[in-house]
Protein chains: 2
Amino acid sequence: MENVKEETLVIDCSIEKALDVIGSKWSFLILRELFGGTKRFSELQRAIKGVSPKALTNALRHMEENEIVIRKVYPTVPAKVEYSLTDKGQDLHKIIKEMKLWGAKWG
Amino acid sequence: MENVKEETLVIDCSIEKALDVIGSKWSFLILRELFGGTKRFSELQRAIKGVSPKALTNALRHMEENEIVIRKVYPTVPAKVEYSLTDKGQDLHKIIKEMKLWGAKWG
DNA sequence: CAGCATCCAAAACGATACTG
DNA sequence: CAGTATCGTTTTGGATGCTG
């Protein structure tokens with residue numbers, strides 16, 4: 001297990017890192033939204049078509065653990081939670097930008 | 001189903017296209033290999049750690065259907081199959097490049 | 001060599017209902 | 001509002017064995 005991981009690290013490299021940190025397809029879509037600025041949970045849910053609260057939570061937690069999003073809780077009633085990008089997360093913008101360009105060109 | 005798809009298309013957009021065409025995490029790794037030039041099935045399998053022939057085939061077929069890779073069969077014995085990128089596939093290079101840069105910076 | 005077929009386990013998801 | 005809990009389904013992938 002550990003040696004397997006080591007080997008992987010030796011062979012690669014950077015793409016795996018990016019993929020692991022981003023996590024899933026949903027995360028790309030979340031990123032796209034958050035580049036537009038801080039968003040609330042429900043805003044994300046509305047903006048990202050077809051995502052369930054569960055999937056959204058999973059993706060956000062994963063991104064939080066990997067330090068690309070920040071979760072800010074306002075202890076109000078009703079609850080209010082805002083998500084935004086860290087610098088590390090902002091830096092993913094170029095990737096998404098290239099994906100957009102590609103999609104626009106070939107989609 | 002169809003109307004759902006239509007709605008999705010209307011709302012977006014380009015990232016989804018790119019994600020759908022690429023398909024899975026494996027595809028990113030395949031892309032990375034193919035940017036280095038034409039590769040045989042077994043070469044891909046060796047280069048991409050942890051991929052099973054099934055997963056590799058799935059990813060390649062998907063990419064083939066979406067016209068980003070070309071599958072060339074040499075009717076020899078033993079069989080020989082080479083995979084390479086189309087122009088559309090080559091154009092994904094920028095995305096992978098940005099992912100590499102990000103991974104190198106933050107990994 | 002390059003897969004396909006089969007079986008099976010694990011993960012991801014959607015839907016729904018419920019809570020602080 | 002922002003989730004969590006649960007259920008059942010779908011997807012995904014590894015393992016294995018077989019074929020042209």
Side-chain angles (χ1 to χ4, degrees), chain A residues 1 3-5 7-8 16 19-31 33-34 37-66 69-85, chain B residues 1-5 7-8 11 16 19-31 33-34 37-66 69-85:
Chain A
M1 293 199 181
N3 45 341
V4 172
K5 195 164 188 179
E7 286 178 45
T8 306
E16 277 91 342
L19 288 172
D20 286 346
V21 167
I22 295 173
S24 73
K25 173 186 165 182
W26 294 123
S27 306
F28 282 97
L29 304 177
I30 293 171
L31 283 173
E33 297 306 319
L34 292 184
T38 298
K39 291 272 188 316
R40 299 181 62 171
F41 188 88
S42 53
E43 291 180 300
L44 290 174
Q45 201 173 1
R46 246 175 289 121
I48 302 172
K49 257 205 101 66
V51 73
S52 66
K54 184 181 175 180
L56 188 53
T57 301
N58 282 347
L60 286 167
R61 289 284 179 281
H62 180 84
M63 295 166 83
E64 207 187 334
E65 284 165 14
N66 285 281
V69 307
I70 295 171
R71 181 169 176 267
K72 192 170 181 180
V73 184
Y74 296 87
T76 57
V77 177
K80 178 179 175 181
V81 179
E82 284 183 346
Y83 292 92
S84 57
L85 294 174
Chain B
M1 291 204 182
E2 295 203 339
N3 46 342
V4 171
K5 195 164 189 180
E7 287 179 44
T8 306
I11 292 176
E16 275 92 343
L19 288 172
D20 286 347
V21 167
I22 295 174
S24 72
K25 173 186 165 182
W26 295 123
S27 305
F28 282 98
L29 304 178
I30 293 172
L31 284 173
E33 298 305 320
L34 292 185
T38 299
K39 291 273 188 315
R40 300 182 60 171
F41 188 87
S42 53
E43 291 180 302
L44 289 173
Q45 199 173 2
R46 245 175 288 122
I48 302 172
K49 255 203 104 66
V51 73
S52 68
K54 183 180 176 179
L56 189 54
T57 301
N58 281 347
L60 286 167
R61 288 286 176 281
H62 179 84
M63 295 166 80
E64 208 187 332
E65 285 165 15
N66 285 282
V69 307
I70 296 171
R71 181 169 176 268
K72 191 170 182 182
V73 183
Y74 296 86
T76 58
V77 177
K80 178 178 173 180
V81 180
E82 286 184 344
Y83 292 92
S84 57
L85 294 174

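What's counted below: heavy atoms across the whole structure, side chains too, no hydrogens, waters or symmetry copies. Everything quoted here is computed from the prediction, not taken from an experiment. First the proteins, then the strands, lettered A, B, ... as listed; each starts at 1.
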I'd like a list of close polar pairs between nucleotides 11-14 of chain C and the protein, N/O only, cut-off under 3.5 Å.
{"unit_1": "dC13(C)", "atom_1": "N4", "unit_2": "Lys54(A)", "atom_2": "NZ", "d": "3.0"}
{"unit_1": "dG14(C)", "atom_1": "OP1", "unit_2": "Gly50(A)", "atom_2": "O", "d": "3.2"}
{"unit_1": "dG14(C)", "atom_1": "OP2", "unit_2": "Ser52(A)", "atom_2": "OG", "d": "3.3"}
{"unit_1": "dG14(C)", "atom_1": "O6", "unit_2": "Lys54(A)", "atom_2": "NZ", "d": "2.9"}

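- Residue Arg40(B) places at least one side-chain N or O closer than 4.0 Å to OP1 or OP2 of dA2(C).
- A heavy atom lying under 4.0 Å from DNA chain D marks the following residues of residues 69-82 of chain B, by number: Ala79(B).
- Looking at Asn66(A) and Ile22(A), their side chains never come closer than 4.5 Å, going by heavy atoms from C-beta outward.
- Between Phe28(B) and Phe28(A), the ring planes are parallel. Angles under 30° get that label, and only those over 60° would be called perpendicular.
- Taking the side chain as every heavy atom from C-beta outward, Ile30(A) and Val51(A) never approach each other to under 4.5 Å.
- Remark: P of dT4(D) and CZ of Phe41(A) are 8 Å apart, rounded to the nearest angstrom.
- Checking side-chain atoms of Ser52(B) against main-chain N and O of Ala55(B) turns up a donor-acceptor pair under 3.5 Å.
- Counting only distance, with no hydrogens or angles, the side chain of His62(A) and the backbone of Asp20(A) share a donor-acceptor pair below 3.5 Å.
- With respect to the salt-bridge test (charged N to carboxylate O, under 4.0 angstrom), the residues Arg61(B) and Glu64(B) qualify.
- Under a 3.5 Å cut-off, the side chain of Gln45(B) and the backbone N or O of Ser42(B) do not form any donor-acceptor pair.
- Ser42(A) has a side-chain polar atom (N or O) that falls below the 4.0 Å cut-off from OP1 or OP2 of dA2(D).
- Listed pair Arg61(A) / dT4(D) meets the phosphate criterion, a side-chain N or O lying under 4.0 Å from OP1 or OP2.
- Rounded to whole Å, atom C1' of dA2(D) lies 9 Å from atom CD of Gln45(A).
- Using a 4.5 Å heavy-atom threshold, the side chains of Glu82(B) and Lys39(B) count as separate.
- Annotation: side chain of Phe41(B) is in contact with side chain of Leu56(B) (closest heavy-atom distance under 4.5 Å).
- Per the geometry, CD belonging to Glu43(A) stands 12 Å off C1' belonging to dC1(D), to the nearest Å.
- At whole-Å resolution of the value, CD1 in Ile48(B) and C1' in dG13(D) are 15 Å apart.
- Going from atom CG of Leu60(B) over to atom P of dG13(D) covers 12 Å, rounded to whole Å.
- Distances shown here put a side-chain N or O of Tyr83(B) below 4.0 Å from the OP1 or OP2 atom of dG3(C).
- One atom, CZ of Arg46(A), and another, C1' of dC1(D), lie 11 Å apart when rounded to the nearest Å.
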